[in-house]
Amino acid sequence: MNAMAYLAGFLQVTGVIAGAPLVIGLMRQIRARAEGRVGAGIWQPWRDVRKLLGKQILNPRGTTWVFAAAPFALAATTLVIVATAPLVATGSPLDPVADLITVVGLLFLGTVALTLAGIDTATAFGGMGASREITIAALVEPTILLAVYALSIPAGSANLGAIVGHTLDHPGQVVSLASALAFVALVIVIVAETGRLPVDNPSTHLELTMVHEAMVLEYAGPKLALVEWAGGMRLTVLLALLANLFFPWGIAGANPSLVAVAVGVGAIAVKVALLAAALACIEVFIAKLRLFRVPELLAGSFLLALLAVTAANFFTGAGG
């Protein structure tokens with residue numbers, strides 16, 4: 001692994017840290033324009049973070065270290081995913097641990113930390129949001145495992161870099177039945193994992209519909225800024241992974257040159273922006289599902305992922 005591989009790893013971490021609020025701002029701005037509003041601009045999330053970081057640190061009475069540590073756990077697990085995932089180059093410095101099981105485990109660990117913080121507040125909203133979030137997570141995480149596992153069968157490896165590299169070497173895999181089913185399943189679970197419509201509405205505080213917002217109502221100041229920042233980074237890295245798993249063109253190789261790294265940074269920025277814009281446009285035309293219909297949607301995505309694994313096994317076996 002050459003020095004450019006470490007540069008690629010550094011750029012993808014700093015890029016996600018700096019760009020995550022811009023992704024949220026882009027989605028809000030697109031929704032505002034589509035709804036006939038001017039919008040606050042794509043830099044508004046950065047201004048919100050700066051304002052929150054300057055406020056006083058407050059902890060609700062009666063909470064324990066769990067509540068205080070949850071934002072840091074959420075941010076830390078997300079940053080590890082960002083550092084290990086093949087975003088700019090297929091061979092990151094942490095490529096040996098860029099395993100499917102590791103990434104899904106880190107996602108779930110961050111979710112559990114936030115749900116425990118919601119319970120720790122001992123409020124009705126916190127407990128309600130935590131209960132809903134863990135129910136959604138119980139359906140989302142297995143679906144992510146199955147969907148990416150379907151992509152790993154032709155590659156013969158659960159390493160994300162190896163999967164992306166195999167897709168680059170065999171571009172026909174993108175239009176296969178297994179890839180199409182896995183893509184739809186992953187889109188649905190990414191929407192659920194990041195609390196977007198129709199599973200959750202990040203712009204509302206209505207009691208009957210809150211999931212993520214109910215767990216973080218008691219946070220304020222720098223800790224709220226960290227929670228919102230980590231949420232934006234989680235959305236950004238999941239969109240980036242979705243882009244590279246199915247459309248990996250532009251990503252640098254395991255031992256890239258400086259030009260390849262620059263192209264990789266530009267390619268992933270464009271792909272994430274396009275996916276975020278498409279997601280924002282879709283959200284304008286859909287309404288939030290009733291809470292009791294969400295498990296049906298997620299169960300459907302699980303079935304699609306299971307069919308993707310079946311199709312991948314069938315066609316791989318037939319090809320062999």
Side-chain angles (χ1 to χ4, degrees), residues 15-55 71 74-75 78 114 125 128-129 132-133 136 140 184 186-243 266 268-291 293-294 297:
V16 171
I17 291 174
L22 297 181
V23 172
I24 301 297
L26 174 65
M27 296 180 69
R28 291 178 182 174
Q29 188 66 19
I30 290 174
R31 285 196 61 181
R33 290 293 186 178
E35 294 169 354
R37 297 181 287 109
V38 174
I42 64 172
W43 291 97
Q44 185 59 44
W46 260 118
R47 291 192 286 266
D48 293 340
V49 168
R50 185 183 61 184
K51 179 179 68 175
L52 289 171
L53 289 174
K55 290 185 176 293
L74 180 66
T78 304
L114 208 56
F125 278 151
M128 177 189 68
R132 294 175 177 179
E133 181 73 10
I136 292 172
V140 164
V184 176
L186 275 177
V187 168
I188 295 173
V189 295
I190 287 174
V191 166
E193 179 71 26
T194 56
R196 311 298 305 187
L197 287 169
V199 176
D200 192 12
N201 189 350
S203 61
T204 184
H205 285 79
L206 182 62
E207 173 186 350
L208 297 177
T209 62
M210 283 192 300
V211 180
H212 173 79
E213 295 299 322
M215 296 185 297
V216 302
L217 275 178
E218 301 298 322
Y219 282 110
K223 289 182 181 177
L224 179 59
L226 188 57
V227 169
E228 297 297 335
W229 203 341
M233 288 192 294
R234 179 172 285 211
L235 174 63
T236 303
V237 72
L238 287 175
L239 290 178
L241 271 177
L242 180 70
I268 195 60
V270 170
K271 286 186 280 189
V272 169
L274 289 176
L275 285 175
L279 185 58
C281 290
I282 293 172
E283 286 183 343
V284 175
F285 300 102
I286 58 177
K288 186 184 181 304
L289 285 173
R290 293 177 58 193
L291 182 63
R293 300 296 298 273
V294 171
L297 175 66

H212 vs L114 side-chain heavy atoms within contact, under 4.5 Å: yes

Validation row: E228, D48 side chains within 4.5 angstrom (heavy atoms): no

Rounded distance (nearest 0.5 Å) linking atom CD1 of I30 with atom CD of E283: 10.5 Å

Neighbour count >12 (heavy atoms, 6.0 Å) for atom CZ, R47: yes

Shortest non-hydrogen separation from A214 to F125 and the atoms involved: CB-O, 3.3 Å

CZ-CD1 distance between R196 and I282, expressed to the nearest 0.5 angstrom: 12.0 Å

Separation between OG1 of T236 and CG of L241, rounded to the nearest 0.5 Å: 11.0 Å

Heavy-atom donor-acceptor pair, N201 side chain to K288 backbone, under 3.5 Å: no

Shortest non-hydrogen contact between T194 and I190, atoms and distance: OG1-O, 2.6 Å

Pairwise side-chain contact, V272 with I268, heavy-atom cut-off 4.5 Å (strictly under): yes

Within-4.5 Å side-chain heavy-atom neighbours: P198 and R293: no

Heavy-atom closest contact (L197 atom, V191 atom, distance): O-CG1, 3.2 Å

Point-to-point distance, once rounded to the nearest 0.5 Å, from CE of M27 to CG of L239: 7.0 Å

Side-chain donor/acceptor of Q29 to backbone N/O of V38, under 3.5 Å: yes

Whether R28 side chain and G39 backbone form a donor-acceptor pair below 3.5 Å: no

Shortest non-hydrogen contact between A280 and R31, atoms and distance: O-CG, 3.7 Å

Heavy-atom side-chain proximity of V211 to V199 below 4.5 angstrom: no

From T78 atom OG1 to L235 atom CG, the distance as rounded to the nearest 0.5 Å: 11.0 Å

Heavy-atom donor-acceptor pair, W43 side chain to G25 backbone, under 3.5 Å: no

side-chain contact (heavy atoms from CB on, under 4.5 Å) assessment of R234 paired with L74: CA-CA 9 Å; R234 179 172 285 211; L74 180 66; 3.5 Å; yes

Taking every non-hydrogen atom, the tightest pair across P71 and K223: CB-O, 4.0 Å

4.5 Å side-chain heavy-atom contact, L217 and M210: yes

Where L242 and L186 come nearest, the two heavy atoms and their spacing: CD1-CB, 4.0 Å

Spatial distance of atom CG (L297) from atom CD1 (I188) [nearest 0.5 Å]: 5.0 Å

Any donor-acceptor pair under 3.5 Å from W229 side chain to A20 backbone: no

